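One-based numbering, in listed order, for ligands and for the atoms of each. It should be emphasised that the depicted structure is a prediction, and the values quoted were computed from it without experimental measurement.
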Amino acid sequence: MSYVEKVLNDLKERNPGEKEFHQAATEILLTLEPVINAHPEYEKAALLERFTEPERTILFRVPWVDDNGAVHVNKGYRVQFNSAIGPYKGGLRFHPSVNLSVIKFLGLEQILKNSLTGLPIGGGKGGSDFDPKGKSDREIMAFCQSFMNELYRHIGADTDVPAGDIGVGAREVGYLFGQYKRLRDEHVGVLTGRGLSYGGSLIRKEATGYGLVYMLDEAMKMRGVSLKNKTVLVSGSGNVAIYACEKVQQLGGKVVAMCDSNGYVYDPNGIDLAVVKQIKEVERGRIKEYANRVSGAVYTEGCKGIWTIPCDVALPCATQNEIDGESAKALVANGVEYVAEGANMPSTLDAIDTFQKATGVIFLPAKAANAGGVATSALEMAQSSGRLYWSAEEVDAKLKTIMVNIYHNIDNAAKKYGFEGNYVMGANIAGFEKVAEAMMAHGIV
Ligand code: NDP
Ligand code: 2IT
């Protein structure tokens, strides 16, 4: 049994039942074999055992009172996974499906993603099983304040800098920041994705979706094609999905479908994004509404059917494991040419295998393709430390450069080890090399 296989087996035994964490670790570790073989000193230093064990895991109680005076208790999490190359950095997710396994898979992915950005940020993730859907503004504020009443003692601008993720957007970051500032009496860059009036960065809101499409555009350019007139599926209708759609449309592509956790809309004339923004960003409503407002659009209950719509490009931007083997096969059978992941781990291991075995399908994995969000968070941190603001053009230009660089870095890393075009390997290896070097330099810590 190789060192990598041994670490993976031990990880599964020592973290029983953490299926998403096992999945992410399996995908990552098995691709690192060539690097591990080139560095026998890593095994002696138990580097992979340390890399897959979070530096610190914080679990806490979050009690809050609803509008009827009833008391609720949710679970709070912050996994400070790896600080070898910078302070822990990663989002907070509020969703009923959140558990330790989900936060650990996201944290592990985040270490390598953050390394790929080329910026000095380590990996962390947190959140709660709180469900923001249907809650009043006051209930959201009460929950965020209670969450921060514990979290504040573990985070800091040079220690751990959370941000948004599913269920945590500008409103939640605002309440979390307000409570941190009140408790600590510090106006610092301790959270990113802040509003523009209190330290946020221009383009952070758009960054993950725009960045995804910048990388896709570069991959297409290298093959002599472009998004012009391509048919595109975008799953989700949240922060990442909306701005991925916006950039695709700006570059001449046609997005024909979007979804939420209830179902999807198909609009053969091309999605009217202003309508989606009104429903999702303003009214916090359901995507079903879209079909009532736009003629020619059809709503279908359930999410999975979105992947049976013929397309050239698929951009999964909702959640983990939204594309299984069967959906991947349907996409391939219908002629998909590019799959770029906006969500974290949206493809199952089976689906990744299907995409990679299909001829002519370019697969850009999440930790590279969706790194634009956290990269721009790091740009927000830089602006906060410097006590200044950059223009939208400046941030957007930096974001684009970062995404183009990541594409070429993962392309080169895959080539270097003889796996040209395998961007899963390229991303894992390129991300890991820097973290491994830093961990070795720090000694056994
Ligand atoms: P939002 O909360 O803004 O939007 C999430 C979207 O995905 C909503 O449309 C939501 O539908 C849908 N969704 C969530 N859970 C499910 C589910 N179980 N089944 C079907 N649909 C679901 O989150 P974001 O757009 O920020 O995040 C989307 C993905 O992108 C996540 O995987 C996140 O980790 C990843 N990501 C986010 C970054 C960021 O900067 N925000 C950066 C990098 C990655 P509904 O409203 O019905 O719940
Ligand atoms: O998954 C992710 O990269 C994010 N949710 C963004 C994290 C961040 O710190 O901006």
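- Interface atoms of ligand 2 facing K113, defined by a heavy-atom separation under 4.0 Å, are 1 (O), 2 (C), 3 (O).
- Taking a 4.0 Å cut-off on heavy atoms, E109 fails to register as neighbouring ligand 2.
- For K135 and F94, the positive end is not near the middle of the six-membered ring at less than 6.0 Å and at most 45° from its axis.
- Side-chain rings of F60 and H154 stay apart, their centers remaining 6.0 Å or farther from each other.
- Here is the list of ligand 1 atoms found below 4.0 Å of a heavy atom in T208: 38 (C), 39 (C), 40 (O), 42 (C), 43 (C).
- Heavy-atom distances between G169 and ligand 1 stay at or above 4.0 Å for every pair.
- Here the protein heavy atom with the shortest distance to atom 4 (C) of ligand 2 is K125 NZ, 3.7 Å.
- Of all protein heavy atoms, the one lying nearest to atom 5 (N) of ligand 2 is D165 OD1, 2.9 Å.
- With 3.5 Å as the limit, one finds no donor-acceptor pair spanning the side chains of K254 and N269.
- Annotation: atom 10 (O) of ligand 2 to nearest protein heavy atom, S377 OG, 2.5 Å.
- Side-chain rings of Y299 and Y264 stay apart, their centers remaining 6.0 Å or farther from each other.
- Residue P162 places every heavy atom at 4.0 Å or more from ligand 2.
- In this structure, of A318, G342, G238, the residue bringing a heavy atom nearest to atom 28 (C) of ligand 1 is A318.
- When only modelled atom types and interatomic distance are considered, N239 and K205 share no side-chain donor-acceptor pair under 3.5 Å.
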*May I have the step-by-step check of side chain to side chain donor-acceptor pair (under 3.5 Å) for E20 and Q320, ending in yes or no?*
CA-CA 9 Å; E20 293 85 1; Q320 65 270 10; 5.0 Å; no

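- Summarising the contacts of atom 16 (C) of ligand 1 with I306, T319, N321, the nearest heavy atom is found in T319.
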*Apply the test salt bridge (charged side-chain N to carboxylate O under 4.0 Å, His left out) to residues E337 and K230: give CA-CA distance (whole Å), side-chain angles for both, the deciding distance (0.1 Å), then the verdict.*
CA-CA 10 Å; E337 290 168 349; K230 295 285 184 198; 3.6 Å; yes

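- Comparing K89, R204, M381 against atom 6 (C) of ligand 2, the shortest heavy-atom distance belongs to R204.
- In the model, Y88 has a side-chain atom that pairs as donor or acceptor with a side-chain atom of E55 under 3.5 Å.
- Among all non-hydrogen protein atoms, the one lying nearest atom 7 (C) of ligand 2 is G91 N, 3.5 Å.
- For the pair R286 and ligand 1, a heavy-atom separation below 4.0 Å is found.
- For atom 11 (O) of ligand 1, the choice among S261, A366, P346 with the nearest heavy atom turns out to be S261.
- Residue contact check for ligand 1: E322 places no non-hydrogen atom closer than 4.0 Å to it.
- Under the 4.0 angstrom criterion for non-hydrogen atoms, M258 is not in contact with ligand 1.
- Under 3.5 Å, the side chains of E341 and S347 contain a donor-acceptor pair of N or O atoms.
- Using a 4.0 angstrom heavy-atom cutoff, K133 counts as in contact with ligand 1.
- Between the side chains of E109 and N344, no donor-acceptor pair of N or O atoms lies under 3.5 Å.
- Closest heavy-atom approach to atom 30 (O) of ligand 1 within the set A343, A207, G193: this belongs to A343.
- By the side chain to side chain contact (heavy atoms under 4.5 Å, CB included) test, D411 is found to be paired with Y407, K415, Y423, residues two or more places apart in sequence or in another chain being considered.
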